[in-house]
Amino acid sequence: MSNKLIAGNWKMNLSVADSRKLAKRVEDATTKHADKVEVVVAPSTIALTEVSKELKSGKTKVGVQNIYFVDEGAYTGEVSAVQAQEFVDYAIVGHSERRQLFNESNEDVARKVAACLRSDITPILCVGETGYERDHGETTQVINDQLATCLTMLVASDMEHIVIAYEPIWAIGTGKNADSKAVASAADTIQKTVKEMFGEKASDGVRILYGGSVKADTAKSYLSLDNIDGLLVGGASLSDHEFVAIVEHAADGE
Ligand code: 13P
């Protein structure tokens with residue numbers, strides 16, 4: 001069994017100084033679990049270089065929350081994977097907040113995934129359904145459609161270099177906990193789709209995370225699922241106590 005991956009998405013929160021402090025507190029408290037759990041923090045882009053200096057030992061990895069799919073040029077306000085690669089190991093791509101608030105399409109996300117891999121950054125590709133789609137029994141179809149397009153530029157051997165996060169939109173920032181059976185079923189859908197697209201070896205190699213209102217007291221129920229390899233944590237990752245407790249659950253193998 002591979003190590004669990006616990007990633008904190010800090011979203012558009014914290015000053016640069018506070019980001020640095022939180023990164024240091026997370027690293028100090030979780031380094032002892034480094035052989036059992038891979039820990040990633042994804043600060044706001046403005047804090048990326050400072051946080052990466054703070055975490056230069058590499059025991060805690062750094063992620064960027066978004067990248068643009070072109071490598072360089074006249075794209076005011078954007079940051080490319082080529083630019084980010086000096087500071088990060090991971091990039092969150094296709095987060096539902098970007099899809100919904102910034103109109104990112106599956107085609108955009110596909111290009112972002114490919115841009116990450118070109119720059120040796122591991123993409124954390126987010127997929128998941130709205131509450132309406134869940135209530136209408138469309139979860140499987142939505143995940144299949146998102147993956148079919150978002151993975152379209154890849155080959156089988158890429159699958160061990162990507163992470164897929166199942167983040168049901170209705171569970172993000174709402175305090176609504178997804179049922180662990182539903183999470184296991186969504187992870188199963190992801191595995192089956194990857195298998196259909198790229199074969200069995202590729203589907204065995206891909207890591208699948210769950211994200212959506214995860215707290216220290218709910219983390220265990222997801223971490224104990226066979227096909228869940230870790231968690232993508234939003235709000236709770238802004239508290240070092242909560243986040244460290246989640247990392248400790250992962251280290252305990254719960
Ligand atoms: P919350 O944990 O705040 O629900 O956010 C989840 C998320 O969007 C992580 O990317």
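Ligands are counted one by one from 1 in listed order, and the atoms in each one are counted from 1 as well. Remember, it's a predicted structure, so these values are computed and weren't measured experimentally.
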Working to the nearest 0.5 angstrom, can you tell me the gap between Glu97 CD and Phe102 CZ?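 Rounded to the nearest 0.5 Å, the CD-CZ separation comes out at 9.0 Å.
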
So, is [X] polar-close to ligand 1, with some N/O to N/O distance under 3.5 Å?
X      : answer
His95  : yes
Gly234 : yes
Glu97  : no
Ile172 : no
Leu232 : no

Between Leu209 and Val62, is there a shared hydrophobic cluster once you connect ILVMFWY residues whose side-chain heavy atoms come closer than 4.5 Å?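 They do not share one cluster, since no chain of ILVMFWY contacts under 4.5 Å joins Leu209 to Val62.
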
With a 4.0 Å cut-off on heavy atoms, does [X] reach ligand 1?
X      : answer
Ala236 : no
Lys215 : no
Ala171 : yes

Do Val194 and Ile164 have side chains that approach each other closer than 4.5 Å (heavy atoms only, starting at C-beta)?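 Answer yes - side chains close enough.
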
Would you mind running through ligand 1 and noting each atom that sits below 4.0 Å from a heavy atom of [X]?
X      : value
Ser213 : 1 (P), 2 (O), 4 (O)
Gly173 : 1 (P), 3 (O), 4 (O)
Gly235 : 1 (P), 2 (O), 3 (O)

One thing to verify: whether Lys21 and Asp18 come together as a salt bridge, which I'm taking to mean a side-chain N less than 4.0 angstrom from a carboxylate O.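 Result for this pair is yes, salt bridge flagged.
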
Using 4.0 Å as the upper bound for N to carboxylate O, is an ion pair formed by Glu167 and Arg99?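 No, no charged N to carboxylate O under 4.0 Å.
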
Partner of Val79 under side chain to side chain contact (heavy atoms under 4.5 Å, CB included), chosen from Asn66, Thr45, Leu48: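 Exactly one option meets the side chain to side chain contact (heavy atoms under 4.5 Å, CB included) with Val79, and it is Thr45.
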
Measure across Gly94 and Val109 and return the closest heavy-atom pair with its distance rounded to 0.1 Å.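 Nearest heavy atoms, Gly94 then Val109: CA-CG2, 3.7 Å.
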
Kindly check if the number of other-residue, nucleotide or ligand heavy atoms within 6.0 Å of NZ (Lys11) is above 12?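 Yes, NZ of Lys11 has more than 12 neighbouring heavy atoms, counting only those of other groups under 6.0 Å.
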
Just to confirm my output: which protein heavy-atom neighbour is closest to atom 9 (C) of ligand 1, and how far is it?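 Its nearest protein heavy-atom neighbour is Glu167 OE2, 2.9 Å.
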
